[in-house]
Amino acid sequence: MNDVDKHSLEEMNRLIEEIERHNYLYYVKDSPQIPDAEYDRLLRNLEAIENAHPELVRDDSPTRRVGARADEGFNEVEHELPMLSLANAFDKDEVREFHERILRRLEVDQVEYVAEPKLDGLAISLLYENGKLTRGATRGDGRRGEDVTANARSIRSVPLRLRNAPSSSKIEIRGEVLMTRKGFARLNAQQDEAGAKRYVNPRNAAAGSLRQLDPAISAARPLEFFAYGLGLSEGFDLPATHAEVLDAIADLGLRANPERQMVSGFDGLISAYKRLLSLRPNLPYDIDGVVYKVNDLQLQQRMGFVSRAPRWALAHKFPAEEEITTVEAIDVQVGRTGAITPVARLSPVFVGGVTVSNATLHNHQEITRLDVRVGDSVVVRRAGDVIPEVVSVLHDRRPDTSVAYVFPVRCPVCNSDIVLDEGGVIARCSGGLFCIAQVRESIKHFASRRAMDIEGLGSKLVEQLVDNQLISNVADIYTLSAERLLTLDRMGEKSADNLIKSIQRSRSTTLPRFLFALGIPQIGETTAAALATHFGDLDAIMIADEDALVNVQDIGPIVAHNVVEFFAQQHNRDVIGGLIEAGINWPSIERVPADARFKDKTFVLTGSLSGMSRTEAREMLMTLGAKVTSSVSSKTDYVVAGSDPGSKLDKAERLGVQVIDEAEFNELIGGN
DNA sequence: GATCCTCGAGTTCT
DNA sequence: CTCGAGGATC
């Protein structure tokens, strides 16, 4: 070997070592020390040397993650130590039994466990011989699995070489391959673009990706690996506890789950379960439970196995996020704007921790996309706080007698024609004021918290009032008397009195709230506030023509037209007249001084503040001239993060928007 | 004419 | 919270 080659070889080995170190820092330590671009540069440098000296290329080089296509499918491999399954527990009592059985068998009064999330992916085994990855295999039936070495190599969080591995060793790492929720969403978007089939959930996507015959496809999929234990371990000193095993695995360069924790006793198990359950919605990947393992390996051995599951471990499952149920009926709802929304009435099913009996089907397109019919078996999903949705229809379970769903052409409430609006997606009842459903919904909107805030006048009561013809428009609310209210079912003196009081309170309001309450199409809280500040009083808005309206910030020709149209209708003018007569009043708009402290500053509030409600904070900011919006963008000046902030915080950090906490916020506004 | 930003509207259950 | 679309901007 000449000097040049020798130099290249040294440089190549140095680069491989450095890349492996950064992989370790990134995946295991979760603290990258160099930007991604710098990492890519290292990879490219390595590639350049390898291209110049093909004869020197090492097969464990990080550039060699993607191998050749397996045309013949996967070979079967036998696990030297079977990959066992875990016993499941679905409630506390089963966990208590598990714990008490362990205490009894081991004749101890307390026992320590490791608790970690049960990742919803697929189990694989990675075999490292003398530190090099030589085989990756799926779990299969536990005894035999499929050889997916080529695809396992393409996963970035699977090191091709262990760090500090004993020279003569055979170490089998076991863990879970999964796809993050973000990666899953991205993949499905790509599948859509390519006209390919969508995956149902991240687990299926991970399984499908790992089983691609072409490792190049597998490599392009966002797969991740988390180790949860050891299989075979020859030439490697086993520590005394499972927690130490996981730490040792991390030292070898693999990622163990960062949420693992040691707990003690039954109460410890349950608190770990609760902690992970609350963490669940915020984790980047799906988990379907918690795994408890006796920490002490000697004690594990004394516990032994039952059939194919260890007695020292238990999977405590969360309520499933997906369940199968049947569609009993498809109804349509009529919204305040006449929007016709189809709703699937479901046979009640416990999913994601609550009982779900309704799920929106959004619109006729969605019904066509799903091809859902009454009588169908459907998969319903509810993850975290997310609203339940019908994910898919099990078409092979469809009864022979089923008939295709026909979208109604007439409003089920008022029998008016249903028309598609411009986009062709939203169907609307053309009944307008003649549709009692639209009247009911617009009254509910008027009374709602963000509008006139009439406490006690909720959905049920509005329906009662309208159905009993005590009111037929929003002005009628102010003609109600306690005596009339008492004629309603389940209405006592106290409730009637309280309602009259809150109606009275609502007479004093603000112009933006009043405008919003009217329910003018396309006029929400923000636009209502813009109208109010621009024109100053109601009369000016009512007589404004389209040209005048488009001068308002964020109002264009379409919205302007809606506003003019609304005030042109005699009925609307009458109702507004009635409301003013009934004593609705608001303080005249205080012009925000041009030198206001936060003039032209945009704020977004997230999480809850301890000192004031979000609404209070918003109103305070607005009086100081600030604009308060609901979504973060590059134009946002400050994001105020209270406790338990939502996804807005992540976005703010990504966009580099200034984030301030409650203390800083108080300081900022305190200067006034 | 295309692209980005933001608002409005509708949604489930406790 | 998410989707669709109006409005602003280049």
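The chains referred to below are lettered A, B, ... by the order of the sequence lines, with proteins before strands, and numbering in each begins at 1. Worth knowing before you read on, the calculation uses all heavy atoms, side chains too, and leaves out hydrogens, waters and symmetry mates.
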Quiz item: Does the pair A:Thr602 and A:Tyr638 meet the rule for a side chain to side chain donor-acceptor pair (under 3.5 Å), with working shown?
Solution: CA-CA 7 Å; A:Thr602 304; A:Tyr638 297 99; over 6 Å; no
Quiz item: For DNA chain B, what residues of residues 433-447 of chain A have any heavy atom nearer than 4.0 Å?
Solution: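 Under 4.0 Å from DNA chain B: no residue of residues 433-447 of chain A.
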Does [X] come within less than 4.0 Å of [Y], counting only side-chain N to carboxylate O?
X: A:Arg398; Y: A:Asp371; result: yes
X: A:Glu525; Y: A:Arg450; result: yes
X: A:Glu322; Y: A:Arg203; result: no

Self-check item: Out of B:dG8, C:dG7, B:dT14, whichever nucleotide has its closest atom nearest the side chain of A:Gln522
Solution: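 Nucleotide nearest to A:Gln522's side chain: B:dG8.
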Quiz item: Closest to the A:Thr360 side chain: B:dT14, C:dG7, B:dT12?
Solution: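 Of B:dT14, C:dG7, B:dT12, B:dT12 is nearest to the side chain of A:Thr360.
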In whole angstroms, how far is the [atom2] atom of [N] from the [atom1] atom of [X]?
X: A:Leu549; N: C:dG6; atom1: CG; atom2: C1'; result: 15 Å
X: A:Asn562; N: B:dG8; atom1: CG; atom2: C1'; result: 12 Å
X: A:His561; N: C:dG7; atom1: NE2; atom2: P; result: 12 Å
X: A:Ile555; N: C:dA5; atom1: CD1; atom2: P; result: 20 Å
X: A:Ile426; N: B:dG8; atom1: CD1; atom2: C1'; result: 10 Å
X: A:Arg381; N: B:dT11; atom1: CZ; atom2: C1'; result: 17 Å
X: A:Ile387; N: B:dC13; atom1: CD1; atom2: P; result: 10 Å
X: A:Ile523; N: B:dC7; atom1: CD1; atom2: P; result: 13 Å

Practice problem: Mind running a 4.0 Å heavy-atom check of residues 324-349 of chain A against DNA chain C and sending the residues that fall below it, in number order? | Solution: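 Those residues: none at all.
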Exercise. Could you give me the CA-CA distance, side-chain angles and deciding distance for A:Ile418 and A:Arg428, then say whether side chain to side chain contact (heavy atoms under 4.5 Å, CB included) is met?
Key: CA-CA 5 Å; A:Ile418 289 176; A:Arg428 281 184 206 283; over 6 Å; no
Quiz item: What pairs with A:Phe407 under ring pair (Phe, Tyr, Trp, His ring centres under 6.0 Å), at least two apart in sequence or on another chain?
Solution: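 With neighbours one apart ignored, the set is A:His364.
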Side-chain N or O of [X] versus OP1/OP2 of [N]: is the shortest distance under 4.0 Å?
X: A:Asn358; N: B:dT11; value: no
X: A:Ser357; N: B:dC13; value: yes
X: A:Thr526; N: B:dG8; value: yes

Quiz item: What orientation do A:Tyr273 and A:His316 show, parallel under 30°, tilted 30 to 60°, or perpendicular over 60°?
Solution: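 Parallel, since the angle between the ring planes stays under 30°.
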Quiz prompt | Heavy-atom side-chain contact between A:Leu279 and A:Glu259 under 4.5 Å | solution =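 Yes, side chains in contact.
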Practice problem: State, yes or no, whether a side-chain contact exists between A:Val575 and A:His571 at a heavy-atom distance under 4.5 Å. | Solution: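 They are in contact (side-chain heavy atoms under 4.5 Å apart), so the answer is yes.
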Quiz item: If you find the nucleotide of DNA chain B closest to A:Thr602 and the one closest to A:Ala359, which residue's nucleotide is nearer the 5' end?
Solution: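 Looking at the nearest nucleotide for each, A:Thr602 comes out on the 5' side.
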